[in-house]
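Worksheet: one structure, shown below.
Throughout, a chain's letter reflects where its sequence line sits, starting with A, and its residues are numbered from 1. This structure is a prediction, so every number in the text was calculated from the model and none was measured.
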Amino acid sequence: MYGYNGKVLVVDLTTRTTAWQPLDEDALRRFIGGTGLGAYLLYMHCPPGVDALSPENPLIFAASPLVGSRLTTSSKFAVLAKSPLTGFIGDSLSSSFVATELKKTGCDALIIKGRSDSPTLLAIDDGEVEFLDAADLAGLTTSQTERAVKRRLGHRSKVACIGPAGENLVRFASISNDGGRQAGRTGPGAVMGSKNLKAIALRGTKAMPAFEPGRLNEIGLDLARRSLGPATEKYRTLGTVANVSVFDRLGVLPTRNFRESTFELADRVSGEALHAGHHVKNAHCANCTIGCEQIVQTNDDGPAERGRMEYESGFALGPLVGIGDPNAMIRSARICDELGMDTISAGATIAWAMECGERGLISREDAGGLDLRFGNADALTEALGLAARREGIGGLLADGSRMAARQVGGGSADWAMHVKGLEMPGYEPRSLKTMALGLAVSTRGACHNRSSAYEADFSAAVDRLEASRERGRITMDGEDFGATLDSLIWCKFLRKAFDDLYEESAEIYELVTGWPMTAGGLRLAGERINNLKKAFNIREGWDRADDTLPARVLEEPLPTGAAKGVGLTRDDLDMMVEAYYEARGWTRDGLIPAGKLEELGLADVVEPQSAADDAV
Amino acid sequence: MGAGIETSGVVLAGGMSRRLGRDKAMEPFGGEPLIRRSLSRVSQVVDETIVVVNDAARGRELPLPDETRVAVDRWPGAGSLGGIFTGLEAARAEWALVVACDMPFLSAPLLRRILSMREGHDAVAPALDGRPEPTHAAYSKACLPHIERRLRANDLKITRFFDDVDVAYLPQSAIEELDADHLSFFNVNTEQDLDRAKRVMDRERGSVAVELFGMARIACGRDVVEIAAPLDGGLGRVVSALADACPELVGVAIRDDRTGLLDSYTFNLNGNEFVSGDAPRLRPGDRLLLFSSMAGG
């Protein structure tokens, strides 16, 4: 077999046993790898209705056929589990040498089941699995953990681990890997923590030959050249944080818990400002030619910190919490990375709490002396630490905004800015109507990435301020494109470097695996994977009411900026959601008809109870 | 319906140009015949264009692009209502956007806005001071029998058939967001109208502010650049004026030959409208935003 190992490694932490299970060609071709293969394995291995933090919830690491090919941006992996934040499918991607090392151990995916009695370090060395005691790692930050594991097992090991937040089952805990890369969204770190699994160390020597290495190399060189063209200019220069100033100007920068969409201090925390005052260098992911990562450092009198800065981290730990101090933003992002928490959910949950503080629902006394109000940087950094340790008010925050709002009540659910329990990213849905639909229907909750639906809004193709039925088709196409991309796995930032992603990827897939593939086949795989994810959610109790947006978005027009006065009505959102179901060939209630499952080649995977009989 | 054709565009050119005394469709305006100007604006928002003329000979005389079809008025002498009927009947799409050939200031964003309101209606018409503008409106084929009935009854006032169908009206406030001076509806009937139109066009040669973002801002060392540009000259002229004002942008955001932006950059007009290949009509005081064409992150 080329491009794949054709095997899954299943590790049971309860019984301390391992099993190598075959993955047949049919499954690999249908689900490709990454998020697609992971979703398939999750569907097969996760018993319906289990608690996300129970031993029964499998934690799945999935590589892809491109991993090991040395093609630019190809060293990526997906992490899947039932999400402790949403109760639906949790999937997260990360880019690092963990992906290549995972595959070199001899598997395409690693499934971790059960729960260890004590903190454990899982060492996988060329297919040999060891369950090592990790009592000495307990409580360490992510970088401390990685260093300690490497000291113990050697520097060639690639490490994925959790920080204190994962150990304390913070529902938005991340899995940190290979020098601080994060698989952040949907809380995979909490699932890892629930298994008492502090770290995984991977080392392998298995070669990953391609079917036609010569031609693949030629294509790879050309792709690397194209990856340095205009399609990646923004990422290579200022990085994603360049969005701040533009989003502010367009009225799409979520500010103070989505009360506004412009931020008066945006120029202080913009990509341009960070470049001028804080930029140290650009860094690259494993096997990436683009190098979008901005390494920044503080420049004030406080403790010096150096770390990564992305738009999503910056928005969530800056404008969203009303903070216009770049040094506070850099420190907060660093705290999240070190404690092992998703920056978006962490910032958004604290933004919710700050609004509760300002409205008198959480008093200073409730917060253990913290003055929870927008713009208070000390309160932000304190709250991050409390959440990671589940101390005091942190116990409330650690469960994310949805559960916290249920506990606090007082109408605070109306400003808990999440979809299905996953906190919203930095794209204001009222002034980006395609994105609004993408956020409402995404299977993993409020996610900008799985659909990239914002892309249409930032173009002349649609009027971003007006809802319309055509958004249904656009969002579906974006999701299917995204699922293909996330299964192969390519970096999102490479997507515009292709003339035709499907055509070119189909050829590359053939060269890597030796199996025939067409553009249409990849497109269909994207659709199949999104339907499978949806089927997982349906099995977990999803219903039509879950595909919605927070009350604030549907009730309050934007008060400032280029989109002042613009809102989004429930009727308009419903119209777009219905159009999306129709485009997908689902029922009016958003269920998948049996005929659709048949058409997508899912009938043997998805149980009929998840399916409905009639399409729209 | 024709494959891939969602909207047709109908340009009415059947008028006699009595008051101007010469064929107004052929009148040069902004460097091209008036009808070409109308057609190019309409074709930005529709999938096919049709020109309705009185007789086939005139259709052959008009300077039309190859892809534009000609329809000969099926109801000669019945005025614009007959022209609307003829164009709508000839349309390959279910919907047709209808305008007159003598409207020099048609606005693509406003036309798009009209089309965006189609769902669930038979026609969409903008209304000024409560009066609909029927020769700057969109009609579905569901209107055809109702128009025909009025034509047979020689009841030629266009808006009379609006009583028989479901018409959505674009309110004045929405029109004014896109076209504050209602110039879209301005049509040329007399020599005086033509003079006025030319004065409007001259007035619109003026100054535009370009707001810079990302590496464009860093390269220039400033946030905003004021440029003087011929406002009807298309984006090429704006880019060229911008390159003169800020040579640092060449190679960063502007192509080396100064004819356009690099693919990595895009313009947005006033924080609202994304500017694609078709140049927007700029007004004095407009603000063009120059930022990365990549929205991700």
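Counted within 6.0 Å of CG on B:D263, heavy atoms from surrounding residues, nucleotides or ligands total 12 or fewer; the atom is thus considered open.
Per-residue heavy-atom pair counts under 4.5 Å with chain B were compared for A:F493, A:Y235, A:F315, and the maximum is reached by A:Y235. Comparing A:E455, A:E466, A:E310, A:M575 by heavy-atom pairs within less than 4.5 Å of chain B, the highest count is held by A:E466. When each of A:F247, A:Y427, A:F458 is scored by its heavy-atom pairs under 4.5 Å with chain B, the top score falls to A:F458. Considering only heavy-atom pairs separated by less than 4.5 Å from chain B, the leading option among A:A563, A:G271, A:S459, A:S468 is A:S459.
Contact detail for B:G271 and A:A562: the closest heavy-atom pair is O-CB, 3.9 Å. Nearest heavy atoms, A:P230 versus B:S264: O-CB, 3.2 Å. Contact detail for A:D457 and B:F274: the closest heavy-atom pair is O-CE1, 3.5 Å.
When atom types are taken as modelled, the side chain of A:K234 and the backbone of B:M294 share a donor-acceptor pair closer than 3.5 angstrom.
Proximity to chain B is limited to the side chain of A:K496, based on heavy atoms less than 4.5 angstrom apart. Only the side chain of B:L289 comes within less than 4.5 Å of a heavy atom of chain A; its backbone N, CA, C and O stay farther away. Residue B:R118: no heavy atom, backbone or side chain, is found under 4.5 Å from chain A. Only the side chain of B:S292 comes within contact range of chain A, with heavy atoms under 4.5 Å apart.
By the side-chain hydrogen bond (donor to acceptor under 3.5 Å, both in side chains) test, A:E428 pairs with A:R430, sequence neighbours left out.
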Test log, rule side chain to side chain contact (heavy atoms under 4.5 Å, CB included), inputs A:S245 and B:R217: CA-CA 11 Å; A:S245 54; B:R217 182 186 295 180; 4.3 Å; yes

Intermediate values then yes/no, side chain to side chain contact (heavy atoms under 4.5 Å, CB included), B:R287 and A:R249: CA-CA 11 Å; B:R287 301 184 79 81; A:R249 181 64 178 85; 4.1 Å; yes

Side chain to side chain contact (heavy atoms under 4.5 Å, CB included) evaluation trace for A:D463 with B:E273: CA-CA 8 Å; A:D463 179 347; B:E273 187 192 341; over 6 Å; no

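The CD1 atom of B:I218 sits 4.5 Å away from the CG atom of A:L238 when rounded to the nearest 0.5 Å.
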